[in-house]
Amino acid sequence: MGNGLSDHQPLLPCLPSFKALHIVILGLDCAGKTTVLYRLRFNEFVNTVPTKGFNTEKIKVSIGGGRRTASFHFWDVGGQEKLRPLWRSYTRCADGIVFVVDSVDTERVEEAKTELHKITRLAENQGVPVLVVANKQDLRNSLSLADMESMLALGELSTATPWHLQSACAIIGEGLQEGLQKLHAMITKRRKMLRQQKKKR
């Protein structure tokens, strides 16, 4: 599920295209963001505590078949309400955003939707690809992907914002590799488009 591509000084420097992709992991507290990060980093479940600031890891991920890999520099930012105003400091110059949503916590999906739409509407995030990770899909009472897409109003994101909704279980790592491959493809497509636009000027 997904769609195609149709100010201030940054806190983090913009990364040149040949360096690791700058990816920010966002979402409400307890959605599973840090579990996603450390499952990708260590390929095992790591018991975590709520993130008070941020965690960061550089990880090589295999892309597609064969031996192709891409380097991702992940920034996992705390999701408590008081920390959310800081999100935009991390998303400036981001190549992509991973937005993690708890598929079981139906009472907070509306809050997750509000935060997702708020961060993607920022001028500096226009066109930045978004991977929405529907986490905890292994649990019996989790929302279906169709329900998640509808409740998060993904179809109402800006037409300039490419997105993909990925079913996942961060504890066992299911769906994460596929999601990152989709994110990488969206980033590559966007970069190609931006290069073509520069040539036309």
Side-chain angles (χ1 to χ4, degrees), residues 1-3 23-57 72 74-91 94 96-122 125 128-158 161-180 182-183 186:
M1 292 182 182
N3 72 347
I23 308 297
V24 185
I25 305 176
L26 302 175
L28 304 185
D29 45 304
C30 301
K33 300 177 296 302
T34 306
T35 304
V36 166
L37 177 68
Y38 289 120
R39 167 50 77 174
L40 291 169
R41 174 69 179 86
F42 300 112
N43 196 26
E44 63 183 45
F45 171 65
V46 175
N47 210 2
T48 62
V49 294
T51 303
K52 298 295 181 196
F54 67 89
N55 300 298
T56 182
E57 295 284 350
F72 291 82
F74 290 102
W75 296 82
D76 156 38
V77 188
Q80 295 98 326
E81 197 169 351
K82 64 184 177 190
L83 296 175
R84 293 176 206 163
L86 301 175
W87 286 3
R88 69 182 301 167
S89 300
Y90 292 88
T91 59
I97 294 171
V98 175
F99 196 90
V100 183
V101 184
D102 184 336
S103 303
V104 179
D105 195 353
T106 53
E107 289 179 12
R108 297 187 76 199
V109 174
E110 182 65 30
E111 187 182 353
K113 176 189 117 174
T114 300
E115 296 299 340
L116 171 63
H117 284 254
K118 197 186 293 181
I119 201 72
T120 56
R121 278 196 196 114
L122 293 173
N125 293 334
V128 174
V130 179
L131 171 65
V132 180
V133 174
N135 193 22
K136 308 183 187 178
Q137 283 285 307
D138 56 311
L139 299 178
R140 231 185 8 223
N141 52 343
S142 62
L143 290 163
S144 70
L145 280 194
D147 285 341
M148 293 286 285
E149 182 177 348
S150 169
M151 291 171 78
L152 292 169
L154 296 179
E156 294 171 26
L157 291 174
S158 163
T161 302
W163 59 270
H164 174 74
L165 176 62
Q166 179 66 48
S167 169
C169 170
I171 284 180
I172 61 169
E174 194 175 291
L176 299 182
Q177 195 78 25
E178 297 89 333
L180 286 181
K182 292 280 189 186
L183 181 61
M186 291 188 292

If you define the side chain from C-beta out and look only at heavy atoms, does anything of Val77 sit under 4.5 Å from Leu83? no
Please name all residues satisfying ring-ring contact (aromatic ring centres under 6.0 Å, His included) with Phe54, sequence neighbours left out, ordered by chain then number. Trp75, Tyr90
CD1-CG distance between Ile97 and Leu116, expressed to the nearest 0.5 angstrom: 8.5 Å
Using side-chain heavy atoms (C-beta onward) and a distance below 4.5 Å, is Trp87 in contact with Lys118? no
Just to verify, what does Ser144 make a side chain to side chain contact (heavy atoms under 4.5 Å, CB included) with, not counting sequence neighbours? Ala146, Asp147
Kindly compute the distance separating CD (Glu115) from CG (Leu152), expressed to the nearest 0.5 Å. 12.0 Å
Any side-chain heavy-atom pair of Asp138 and Ile172 under 4.5 Å: no
Thr51: what forms a side chain to side chain donor-acceptor pair (under 3.5 Å) with it, not counting sequence neighbours? Thr34, Asn55
Closest non-hydrogen contact found for Ile171 with Thr35 is N-CG2, 4.1 Å
Does atom CD of Glu111 have more than 12 heavy-atom neighbours from other groups under 6.0 Å away? yes
Which heavy-atom pair separates Ala134 from Ser103 by the least distance, and what is that distance? C-OG, 3.3 Å
Go through the steps to decide whether Leu180 and Leu40 satisfy the test side-chain contact (heavy atoms from CB on, under 4.5 Å), and finish with yes or no. CA-CA 10 Å; Leu180 286 181; Leu40 291 169; 3.6 Å; yes
Can you name the nearest heavy-atom pair linking Cys30 to Asp102, along with the distance? O-OD2, 3.9 Å
More than 12 heavy atoms of other residues, nucleotides or ligands under 6.0 Å from CD of Glu174: is that the case? no
My understanding is that only residues two or more places apart in sequence, or in another chain, count here; which of them pass side chain to side chain donor-acceptor pair (under 3.5 Å) with Arg121? none
His164 side chain to Met186 main-chain N or O, any donor-acceptor pair under 3.5 Å? no
Please name the pair of heavy atoms, one in Phe74 and one in Thr56, separated by the smallest distance, quoted to 0.1 Å. O-OG1, 3.0 Å
Can you give me the closest heavy-atom contact between Leu143 and Met151, atom names plus distance? CD1-SD, 3.8 Å
How many angstroms lie between CG in Leu176 and CG in Asn43, if you round to the nearest 0.5 Å? 9.5 Å
Sole candidate of Asn135, Asn141, Val109 that passes side-chain contact (heavy atoms from CB on, under 4.5 Å) when paired with Val104: Asn141
Sequence neighbours left out, what pairs pass salt bridge (Lys or Arg N to Asp or Glu O under 4.0 Å) with at least one residue falling in residues 23-42? Asp29-Arg84, Asp29-Arg108, Arg41-Glu57
Closest approach of Gln80 and Pro50, non-hydrogen atoms and distance? NE2-CB, 3.8 Å
Identify, with sequence neighbours excluded, every residue that meets side chain to side chain donor-acceptor pair (under 3.5 Å) alongside Thr48. none
For the side-chain contact (heavy atoms from CB on, under 4.5 Å) test, which of Val130, Asn125, Val128 pairs with Thr120? Val130
